[in-house]
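Have a look at the structure below before the remarks.
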Amino acid sequence: MVLLSLGVLLLLAGMSPVFSEAAANNTFRPGEELRSYRRVRAHLRRLNKPASPDGDTIDCVLSHLQPAFDHPRLKGMKPLDPPERPKGHRADAATQNSFQLWRVSGESCPGGTVPIRRTKEEDILRASSVKRFGRKLAVRSRHDAETGGHEHAVGYVVGDQYYGAKASLNVWAPKVTNPSEFSLSQVWVISGSFGTDLNTIEAGWQVSPQLYGDSSPRFFTYWTTDAYQATGCYNLLCSGFIQTNNMIAIGAAISPTSTYDGGQFDISLLVWKDPNHGNWWLELGSGELVGYWPSFLFSHLSEHASMVQFGGEIVNTQPQGLHTATQMGSGHYAREGFGRASYFRNLQVVDWDNSLIPVANLRVLADRPSCYDIQGGINSVWGNYFYYGGPGRNDDRCN
């Protein structure tokens with residue numbers, strides 16, 4: 001509100017000669033004052049977008065004033081120019097540019113600004129604490145015996161040096177039965193040990209009532225350099241990710257979503273390391289660069305990734321001592337296949353030569369296959385792919 005008030009004051013100050021001249025000449029110019037008022041209202045409309053159909057308010061913030069530039073190493077700087085895409089890159093024309101609800105009426109932010117979902121007081125109050133707002137709980141990796149309530153069904157590659165990853169993610173609206181749980185589908189770019197120095201870059205879609213206050217699937221990003229302990233955050237909720245796009249709001253709801261035995265919708269994500277500056281860039285859909293994570297944020301990922309994961313994750317709080325009924329993916333098991341089970345397709349990684357190549361030796365793993373499972377495959381159209389997910393607690397398999 002302070003920034004907006006100052007903006008209005010500046011606008012009024014810019015119009016002060018009109019008022020001063022009018023006062024000096026004792027002349028009332030209603031036409032000129034009306035035009036000035038209309039300019040103020042038009043400017044406010046550009047700054048303050050109306051609430052979108054999902055209830056969000058999207059603010060258009062000057063690029064150099066976004067949260068990332070509060071970081072001491074970024075103060076006074078501006079977003080970098082786009083880097084060269086990886087060799088073999090082909091934009092996925094199947095993803096719509098207006099895949100978010102706030103853009104259905106043609107809204108976007110002016111050049112030189114970025115759209116940021118407004119954080120409200122109630123958003124912070126839903127978190128366990130102000131300090132933990134916008135952050136995942138510190139949990140152990142899926143490779144450990146204890147997963148801290150987090151359960152996965154993933155495909156992954158390990159054993160090489162990776163400089164990026166790409167995939168198309170089927171989008172659904174899984175049911176989340178407890179406000180403190182979530183269900184997500186994402187790409188992980190990982191380095192470090194699964195202890196206190198884990199580095200990750202993450203992007204995908206998620207349903208998180210605690211973070212967003214509703215049950216809509218939302219486009220999100222995440223990063224950490226210490227296994228989710230003190231660094232990193234979702235979206236733009238801390239200094240880190242630098243957004244460069246004025247048409248995509250990170251954290252905003254995705255529309256349309258897939259339906260059982262009905263239309264299927266997916267989004268394509270590419271994360272890769274710029275070989276010239278070392279920053280990790282994010283592209284969404286048909287060639288839309290979203291922004292980048294500066295290389296200096298990371299320790300291990302400042303060089304390369306040692307693992308790439310694709311797949312789903314849920315939080316199981318074990319309500320009443322039973323496994324949660326929160327769904328993963330479509331809420332149906334992998335065996336049901338296309339149109340019923342959720343999928344990842346066209347899985348690729350970026351190699352040392354900045355080239356996109358199909359994943360090799362993809363492994364699949366489900367922490368609780370009775371609750372959420374996964375089945376992989378390969379064909380000439382989808383390349384490497386898998387179906388995954390499940391309903392959570394049910395009488396037949398998961399209880």
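All heavy atoms count here, side chains included; hydrogens, waters and symmetry mates do not. Each residue takes its place number in the sequence, starting with 1.
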Would you be so kind as to tabulate the donor-acceptor pairs closer than 3.5 Å made by side chains of residues 347-357, with sequence neighbours excluded?
| residue | atom | partner | partner atom | Å |
| --- | --- | --- | --- | --- |
| Asp351 | OD1 | Asp353 | N | 2.9 |
| Asp351 | OD1 | Asn354 | N | 3.4 |
| Asp351 | OD1 | Ser355 | N | 3.0 |

- Query: Measuring from Phe298:CZ to Thr231:OG1, what's the distance to the nearest 0.5 Å?
  - Reply: 8.5 Å
- Partners meeting salt bridge (charged side-chain N to carboxylate O under 4.0 Å, His left out) with Arg135 (sequence neighbours left out): none
- Considering residues at least two apart in sequence or located in another chain, which fulfil the salt bridge (charged side-chain N to carboxylate O under 4.0 Å, His left out) criterion with Lys120? none
- ring-ring contact (aromatic ring centres under 6.0 Å, His included) contacts in which one or both residues fall within residues 108-136, not counting sequence neighbours: none
- Return the set of residues passing side chain to side chain contact (heavy atoms under 4.5 Å, CB included) with Gln327 (not counting sequence neighbours), or none when no residue passes. Pro174, Lys175
- Query: Partners of Ala325 by side chain to side chain contact (heavy atoms under 4.5 Å, CB included), sequence neighbours excluded?
  - Reply: Thr177, Arg393
- So the side chain to side chain donor-acceptor pair (under 3.5 Å) pairs with at least one residue in residues 69-82 (sequence neighbours excluded) are none
- Message: Check for me whether the distance between the ring centres of His332 and Tyr260 falls short of 6.0 Å.
- Response: yes
- Message: I need the Phe296 CZ to Leu74 CG distance, nearest 0.5 Å.
- Response: 4.0 Å
- Item | Transitive ILVMFWY cluster of Tyr333, excluding itself - 4.5 Å side-chain cut-off | none
- Task: List for me each residue that meets side-chain hydrogen bond (donor to acceptor under 3.5 Å, both in side chains) alongside Thr119, sequence neighbours excluded, and say none if there are none.
- Result: none
- Task: Without swapping roles, check the side chain of Gln243 against the backbone of Asn245 for a donor-acceptor pair under 3.5 Å.
- Result: yes
- Query: Does Asn235 reach the side chain of Arg117, with side-chain heavy atoms less than 4.5 Å apart?
  - Reply: no
- Message: Please determine whether a side-chain nitrogen of the Lys or Arg among Arg85 and Glu283 lies less than 4.0 Å from a carboxylate oxygen of the Asp or Glu.
- Response: yes
- Contacts of Asp261 that satisfy salt bridge (charged side-chain N to carboxylate O under 4.0 Å, His left out) - sequence neighbours left out: Arg340
- Task: Under the salt bridge (charged side-chain N to carboxylate O under 4.0 Å, His left out) rule, collect the residues that match up with Glu181, sequence neighbours excluded.
- Result: none
- By side chain to side chain contact (heavy atoms under 4.5 Å, CB included), which residues pair with Thr257, not counting sequence neighbours? Val171, Pro217
